[in-house]
Protein chains: 2
Amino acid sequence: MAQQASDNTMLIDALFDIFRNHGYEGTTISLLSEVTGLQKSSLYHHFPAGKEDMLKAVVGYVSLQIHQNIIAPLLNTQSKPEKRFSNMIATIKAFYNDGRKNCLLNVLNLGEAKAEIKKLQNDDYCAWLDALTQLSIEVGISQQEATEWAERFLIVIEGALVIQRLTSNKQVFEKQMEYEQKQFHKFLNQ
Amino acid sequence: MAQQASDNTMLIDALFDIFRNHGYEGTTISLLSEVTGLQKSSLYHHFPAGKEDMLKAVVGYVSLQIHQNIIAPLLNTQSKPEKRFSNMIATIKAFYNDGRKNCLLNVLNLGEAKAEIKKLQNDDYCAWLDALTQLSIEVGISQQEATEWAERFLIVIEGALVIQRLTSNKQVFEKQMEYEQKQFHKFLNQ
DNA sequence: GTCTATACTAGGATAGAC
DNA sequence: GTCTATCCTAGTATAGAC
């Protein structure tokens with residue numbers, strides 16, 4: 001398990017980048033060793049339970065990022081909803097490097113094994129969904145419409161990442177994010 | 001390479017199911033052997049170049065399906081556009097088993113290796129995109145709007161599949177397909 | 001906390017009989 | 001065209017020195 005987060009952040013960030021590029025099965029200890037510059041056994045020192053442990057640490061790290069950088073700011077009623085939304089878009093763009101980086105969600109194919117990790121991801125998804133729903137309700141949308149809009153927003157993120165990965169058209173993701181911006185502004189002016 | 005398609009269809013279909021469930025790296029020859037009931041060496045008889053060859057056959061098979069069952073009907077101007085669209089939705093639902101089955105696109109993480117396969121998939125994507133664009137233009141939408149709608153439609157499919165896989169909420173995919181139906185009807189009544 | 005060295009297994013692939 | 005048997009490498013993981 002990865003304690004002392006402060007020291008290990010860079011390490012986990014490197015692991016994160018590999019897992020999102022190669023998926024779980026496609027990620028090998030050798031590759032992790034190569035990229036981090038640590039020998040395999042050193043990696044096992046940090047993560048005694050091996051690869052799955054490393055993934056857990058990564059997912060936990062991403063979870064933290066989502067809560068701190070996306071969900072908390074979304075719920076912070078001190079700034080205007082439109083500002084919070086556009087800040088989120090900016091954060092997302094950076095997080096996915098304008099669509100050039102994958103989302104762990106669509107690259108990990110976690111079956112019934114690894115249910116624990118899947119649960120973590122699902123919780124994050126739900127929290128994000130709730131925050132978005134909140135925000136749009138705040139702007140005057142009905143509960144019903146708000147939930148549907150929020151769900152579709154997250155669906156579009158995932159879908160755009162998948163399609164951009166396929167087409168190597170570097171604009172797919174950004175275009176969708178712009179579209180979502182416009183949609184949100186329509187909400188404001190209703 | 002898989003010739004004599006008529007005989008091999010069931011075999012390839014079985015391979016397809018495994019690849020879409022486990023991804024490329026997650027699919028092992030042993031698993032393929034187990035599920036198909038053929039010994040490993042028998043698989044190699046059908047696909048001398050091994051796993052990558054099997055994937056190629058699967059992707060080719062899926063490509064054929066898409067062209068025959070989705071793209072051709074979409075472009076067949078003998079039936080009404082709205083009918084063609086709703087037929088497509090039905091076909092898609094069946095193909096993804098109402099969102100319970102993955103799309104190869106989001107489960108395969110093909111890097112620069114396997115560029116050939118990626119190209120095949122990209123071609124299919126483009127063909128599908130074009131057919132959708134055609135259809136919506138036929139219904140009176142502007143070229144610009146048509147392209148954007150078509151792209152978003154395919155993005156939503158991929159995204160919905162990813163999210164449904166995560167949440168095990170069995171309605172995510174169907175809900176999005178219903179939404180798209182409604183959207184298309186709005187086009188008709190403009 | 002990092003290293004070298006090594007053990008072990010599973011995965012990919014082939015040989016050759018039937 | 002399917003099988004049994006086998007090879008080889010790559011992948012996971014551990015032991016133990018420094």
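None of the values given here were measured: they were computed from a predicted structure. Side chains are part of it too, since the values below use all heavy atoms of this structure and drop only hydrogens, waters and symmetry mates. Sequence lines set the chain letters: A, B, ... in the order given, protein chains first and strands last, and positions in each chain run from 1.
For the pair B:H46 and D:dT2, the criterion of a side-chain N or O lying under 4.0 Å from OP1 or OP2 is met. Close to C:dG1, at under 4.0 Å from its OP1 or OP2, lies no side-chain N or O of A:S42.
Comparing D:dC3, D:dG11, C:dT4 against the side chain of A:Q39 picks out C:dT4 as the nearest. The nucleotide whose nearest atom lies closest to any side-chain atom of B:Y44 is, among D:dG11, D:dC3, C:dG12, C:dG12. Listed nucleotides: D:dT14, C:dG12, D:dT2. Nearest to the side chain of B:K40: C:dG12.
Distance, A:M54 CE to D:dT12 C1': 9 Å, rounded to whole Å. Rounding to whole angstrom units, NE2 of residue A:H22 and P of D:dG11 are separated by 11 Å. Separating the CG atom of B:L55 from the P atom of C:dG12 is a distance of 13 Å, rounded to the nearest angstrom. Between the P atom of D:dA13 and the CG atom of A:L32 lies a distance of 11 Å, rounded to the nearest Å. Separating the NZ atom of B:K51 from the C1' atom of D:dA10 is a distance of 12 Å, rounded to the nearest angstrom. Between the P atom of D:dG11 and the OH atom of A:Y24 lies a distance of 14 Å, rounded to the nearest Å. Rounded to whole angstrom, the span from the CG atom of B:D53 across to the C1' atom of C:dA13 amounts to 13 Å. Across the protein-nucleic acid pair, A:I29 atom CD1 and D:dT9 atom P stand 21 Å apart, rounded to whole Å.
With B:Y61 as the fixed residue, the side chain to side chain contact (heavy atoms under 4.5 Å, CB included) test singles out one of B:L15, B:D13, B:I66: B:D13.
Evaluation of atom-type donor-acceptor distances gives a pair under 3.5 Å for the side chain of A:S41 against the base of C:dT4.
Summarising the local packing, CD of B:Q183 is surrounded by more than 12 heavy atoms from other residues, nucleotides or ligands at distances under 6.0 Å. Residue B:E82 places its CD atom among more than 12 non-hydrogen atoms of other residues, nucleotides or ligands, all under 6.0 Å distant.
Residue contacts shown for A:T27 are limited to sugar-phosphate atoms, with no base heavy atom under 4.0 Å away. Heavy atoms of A:T28 sit under 4.0 angstrom from primed sugar atoms or phosphate atoms, though from no base atom. Across all strands, A:G37 comes closer than 4.0 Å only to sugar-phosphate atoms, never to a base (heavy-atom distances).
For B:E180 and B:R152, the salt-bridge test fails: no basic side-chain N is under 4.0 Å from an acidic carboxylate O.
Side-chain contact between A:M88 and A:P73: absent, with no pair of heavy atoms (C-beta onward) separated by less than 4.5 Å.
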